[in-house]
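Data first, discussion second: the structure below is written as structure tokens.
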Amino acid sequence: MGGQKDGILFIILGILMMGLGVNGELRNGFYSFSCPKAESIVRNTVESYMKTDPTIAAGLLRLHFHDCFVQGCDGSVLISGNLAERNALPNLGLRGFEVIEDAKSKLEVECPGIVSCADILALAARDAVDLSKGPSWSVPTGRRDGRVSSKSEAQNLPSPLESIAVHKKKFAEKGLDEQDLLTLLGAHTIGQTDCLFFRYRLHNFTTTGNSDPTINPSFLTELKALCPKDGDATKRVALDKDSQFKFDLSFFNNIKDGNGVLESDQRLWNDDSTRSIIQKYISPLKGLLGLRFEYNFRKSMIKMSSIEVKTGMQGEIRRKCSRFN
């Protein structure tokens, strides 16, 4: 009888260890025993929001990126509060918080205290791409939620006003190379931005009163109509003028043709190393009809979503994503 109890106890402890990630590493299927429906609950939640607002896909992807670049991928961007990350200037346009919170509330009913907000965000970003007709991948899970969210630390996020050299440096500091930089920026194929962040290119580039000469003239006319000089600075514009809701190569072709919305995106074509990667992606032969980009995007997303993660007994599993326990 005692041996049977010991066996049952051993099995229970094994399941708990799998759920807690005591080995301190991310892995596929982390919640297979502790919360088997975790990934399907997140996906169904993302899908329900995308049915009413397809633009939320880009919001979730950007939210994950901004989370990982400050304090690592630990859900710190989800914390609310005047001094928290989400209130830093680079984060004021972030969207998708309600999707993550909704998924979390459902998971707390299904398996309380098991699934981290950081993992929910990583899974939601993957699902957003997949549901936009982009690639899918297995997301290694087991992240723990951070206990720090600092507005000041989020001020140094990559900015659309910075040079490619600065972007390369900031990505390298996170263990990401030039190919990761270019590939991850390919997510702009489903992205949006405010007129505020590129209007200067249209009406007063380098304070000359002229437009940015790298913009295709016909596209310049289109952008000026969308974002007049004294118009609404918060009006949102698609970063991919041809297929905003489809994850594809159109964004890179637009850059080649001078149809990049953000100056930092258009600069990718003027940099030798990033232009070389773009050319490989859009070439029917070298790009394998888009398969090369999709393959590398999967790799770069897994790499990015592993930045400075907290695992094992680090951090916590929040009960509500917007506040610490």
Side-chain angles (χ1 to χ4, degrees), residues 58-73 76-78 83-97 125 149-208 211-212 214-215 223 226-227 232-240 251-252 254-255 258-271 273-275 277-278 300-301 304-305 307-308:
L60 290 167
L61 201 49
R62 185 168 178 243
L63 193 58
H64 183 43
F65 173 84
H66 281 233
D67 181 42
C68 291
F69 264 67
V70 183
Q71 297 277 348
C73 309
S76 52
V77 75
L78 304 172
L83 299 178
E85 278 178 40
R86 72 158 80 177
N87 281 314
L89 182 61
N91 288 337
L92 293 182
L94 291 180
R95 305 171 58 226
F97 295 100
S149 182
S150 170
K151 178 179 178 179
S152 61
E153 290 189 33
Q155 302 294 348
N156 198 39
L157 279 159
S159 163
L161 304 179
E162 293 171 339
S163 68
I164 297 300
V166 172
H167 280 187
K168 287 179 180 179
K169 180 176 182 294
K170 289 186 174 182
F171 272 67
E173 289 170 352
K174 300 298 180 182
L176 302 171
D177 58 26
E178 292 178 2
Q179 180 166 289
D180 295 316
L181 163 65
L182 189 281
T183 303
L184 291 170
L185 285 177
H188 283 180
T189 183
I190 57 170
Q192 290 183 313
T193 191
D194 294 350
C195 289
L196 171 69
F197 295 113
F198 68 90
R199 194 164 56 185
Y200 69 93
R201 299 184 69 204
L202 315 180
H203 308 286
N204 193 27
F205 188 62
T206 62
T207 66
T208 61
S211 303
D212 184 342
T214 64
I215 304 177
L223 289 177
L226 290 169
C227 297
D232 181 6
T234 64
K235 182 178 179 180
R236 302 190 68 78
V237 174
L239 293 174
D240 182 346
F251 169 75
F252 293 126
N254 283 333
I255 290 175
N259 295 328
V261 177
L262 295 174
E263 184 182 2
S264 57
D265 285 349
Q266 192 57 54
R267 283 175 179 163
L268 295 170
W269 188 251
N270 299 325
D271 180 89
S273 61
T274 52
R275 181 176 64 250
I277 300 170
I278 292 174
S300 293
M301 280 297 293
M304 185 197 77
S305 67
I307 294 174
E308 299 167 24

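Between Ala233 and Asp194, the shortest heavy-atom contact is O-CB, 3.5 Å. Residues Ala154 and Pro90 approach most closely at O-CG, 3.4 Å, considering heavy atoms. In plain terms, the two heavy atoms of Leu89 and Gln155 that are nearest each other are N-OE1, 4.0 Å. Residues Asn87 and Lys151 come closest through the heavy atom pair O-CE, 3.3 Å. Closest of all the heavy-atom pairs between Phe205 and Ser211 is CB-C, 3.8 Å. Between Leu61 and Ala187, the shortest heavy-atom distance links the atoms CD2-CB, 3.4 Å.
Residues Leu176 and Ile307 meet the side-chain proximity criterion, which asks for heavy atoms closer than 4.5 Å. Within the 4.5 Å cutoff, no side-chain heavy atoms of Val70 are placed close to those of Val77. Counting only heavy atoms from C-beta outward, the side chains of Lys168 and Ser273 approach each other to under 4.5 Å. Between Leu78 and Asp67, the closest side-chain pair of non-hydrogen atoms is not below 4.5 Å. Side-chain contact between Phe252 and Leu268 is absent, with no heavy-atom pair separated by less than 4.5 Å. No side-chain heavy atom of Asn254 sits under 4.5 Å from any side-chain heavy atom of Val261.
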Using the side chain to side chain contact (heavy atoms under 4.5 Å, CB included) rule, take His64 and Met304 through it: C-alpha gap first, then chi angles, then the decisive distance, then the call.
-> CA-CA 9 Å; His64 183 43; Met304 185 197 77; 3.6 Å; yes

Q | Derivation and outcome, side chain to side chain contact (heavy atoms under 4.5 Å, CB included), residues Arg267 and Thr274 | A | CA-CA 9 Å; Arg267 283 175 179 163; Thr274 52; over 6 Å; no

Practice item. Under the side chain to side chain contact (heavy atoms under 4.5 Å, CB included) rule, what do Glu308 and Lys174 come out as? Steps first, then yes or no, please. Key: CA-CA 8 Å; Glu308 299 167 24; Lys174 300 298 180 182; 3.4 Å; yes

Give the intermediate values and the outcome of side chain to side chain contact (heavy atoms under 4.5 Å, CB included) for residues Ile277 and Leu181.
-> CA-CA 10 Å; Ile277 300 170; Leu181 163 65; over 6 Å; no

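In this structure, the side chain of His167 engages the main chain of Ser159 through a donor-acceptor pair within 3.5 Å. Between the Ser149 side chain and the Glu85 main chain, a donor and an acceptor come within less than 3.5 Å of each other. Asp240 places no side-chain N or O within 3.5 Å of a backbone atom of Gly191 that could act as its donor or acceptor partner. His203 places a side-chain N or O within 3.5 Å of a backbone atom of Cys227 that can act as its donor or acceptor partner.
Taking CZ from Arg95 and CZ from Arg62, the interatomic distance works out to 10.0 Å, rounded to the nearest 0.5 Å. A distance of 9.5 Å separates CD of Glu263 from CG of Asn270, quoted to the nearest 0.5 Å. In this structure, the separation between NZ on Lys235 and CZ on Arg199 is 11.0 Å, given to the nearest 0.5 Å. Interatomic distance, Ser305 OG to Phe65 CZ, rounded to the nearest 0.5 Å: 13.0 Å. With values rounded to the nearest 0.5 angstrom, Phe171 atom CZ is found 13.0 Å from Gln179 atom CD. We find the CG-OG distance between Asp177 and Ser300 to be 7.0 Å, quoted to the nearest 0.5 Å.
For His188, the ring-ring contact (aromatic ring centres under 6.0 Å, His included) partners at least two apart in sequence or on another chain are Phe251. Among residues two or more places apart in sequence or in another chain, the salt bridge (Lys or Arg N to Asp or Glu O under 4.0 Å) test is passed with Asp180 by Lys303. Partners of Phe198 under the ring-ring contact (aromatic ring centres under 6.0 Å, His included) rule, at least two apart in sequence or in another chain, do not exist in this structure.
More than 12 heavy atoms of other residues, nucleotides or ligands shown are found within 6.0 angstrom of CG on Leu196.
Using a 3.5 Å distance cut-off with no hydrogens or angles, the side chains of Gln266 and Thr214 do not pair a donor with an acceptor.
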